[in-house]
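Only this structure's heavy atoms are used, side chains among them; waters, hydrogens and symmetry mates stay out.
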Amino acid sequence: MATPMFQHLSIETLTAWIDAKTELTLVDIRDPMSFAGGHIPGSLHLDNDGVPALLESTPRQPPLVVVCYHGHSSQQAAAWLAGQGFADVYSLDGGFTEWEHRLPERVERGHS
């Protein structure tokens, strides 16, 4: 059986998807305080406790984008989620740090 795969996603592509209102699930795996300090609008905070609810309630077909700090941890999480039956899984290259650096006006602050 082939290893489930994820793909790398550029900030430009994610921005285009968001602007086009493409149906997608955006999960942020950083710690709760970092997420509260700033995150991509529309993203959901995901920690180990939230995984069962995500697996139970999230459609498997739309793209699933995983965001972390710098785009490293999200690769392992994306590979694992691909193994859970999500069809189109992506790891955001550069992570939230690069997003915030390049698009500070597109950062939501506070809990979501």
Side-chain angles (χ1 to χ4, degrees):
M1 183 170 159
T3 304
M5 298 297 291
F6 69 91
Q7 299 172 65
H8 291 270
L9 187 68
S10 70
I11 287 174
E12 294 82 6
T13 300
L14 179 56
T15 303
W17 286 359
I18 292 170
D19 290 348
K21 298 186 178 3
T22 302
E23 183 183 355
L24 58 86
T25 302
L26 191 56
V27 295
D28 187 319
I29 62 170
R30 295 173 303 137
D31 70 88
M33 285 187 62
S34 295
F35 181 81
H39 53 270
I40 300 171
S43 60
L44 308 168
H45 182 252
L46 180 65
D47 59 15
N48 288 338
D49 294 339
V51 168
L54 177 83
L55 295 177
E56 188 176 308
S57 64
T58 306
R60 298 299 200 264
Q61 292 310 311
L64 174 67
V65 180
V66 183
V67 179
C68 66
Y69 295 96
H70 301 286
H72 304 296
S73 301
S74 56
Q75 294 179 45
Q76 287 92 3
W80 187 83
L81 287 163
Q84 305 309 303
F86 289 95
D88 245 357
V89 183
Y90 299 87
S91 169
L92 182 65
D93 288 340
F96 178 77
T97 303
E98 185 68 17
W99 176 277
E100 184 176 39
H101 175 74
R102 291 173 53 185
L103 301 166
E105 73 284 0
R106 295 184 77 152
V107 171
E108 192 171 293
R109 310 264 177 213
H111 294 282
S112 177

On a heavy-atom basis, which atom in [X] and which in [Y] lie closest, and how many Å separate them?
X: Pro63; Y: Trp17; value: CB-CZ3, 3.9 Å
X: Val89; Y: Leu81; value: CG2-C, 4.3 Å
X: Arg60; Y: Leu55; value: NH1-O, 2.8 Å
X: Ser91; Y: Gly71; value: OG-O, 3.9 Å
X: Pro104; Y: Arg102; value: CD-C, 3.4 Å
X: Ala87; Y: Gln61; value: CB-OE1, 3.8 Å

Spacing of [X] atom [atom1] and [Y] atom [atom2] [to the nearest 0.5 Å]:
X: Ile18; Y: Thr13; atom1: CD1; atom2: OG1; result: 11.0 Å
X: Leu24; Y: Tyr90; atom1: CG; atom2: OH; result: 10.0 Å
X: Ser73; Y: Arg30; atom1: OG; atom2: CZ; result: 11.5 Å
X: Leu64; Y: Asp88; atom1: CG; atom2: CG; result: 9.5 Å

May I ask whether [X] and [Y] are part of the same hydrophobic cluster, defined by side-chain heavy atoms of I, L, V, M, F, W, Y residues being less than 4.5 angstrom apart, directly or through others?
X: Leu26; Y: Val66; result: no
X: Trp99; Y: Val65; result: yes
X: Phe86; Y: Val27; result: yes

side-chain hydrogen bond (donor to acceptor under 3.5 Å, both in side chains) partners of Thr25, counting only residues at least two apart: none
What residues form a side-chain hydrogen bond (donor to acceptor under 3.5 Å, both in side chains) with Asp31, not counting sequence neighbours? Ser34, Tyr69
Enclosure of Glu12 CD (heavy-atom neighbours >12, cutoff 6.0 Å):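 More than 12 within 6.0 Å, yes.
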If you draw a 6.0 Å radius around CG in Asn48, do more than 12 non-hydrogen atoms from other residues or ligands fall strictly inside? no
In terms of relative ring orientation, are Phe35 and His45 parallel, tilted or perpendicular, with 30° and 60° separating the classes? tilted
Among Val107, Asp28, Leu103, Leu92, find the one that has a side-chain contact (heavy atoms from CB on, under 4.5 Å) with Ile40. Leu92
Is the shortest heavy-atom distance from the side chain of Thr15 to the side chain of Arg106 under 4.5 Å? yes
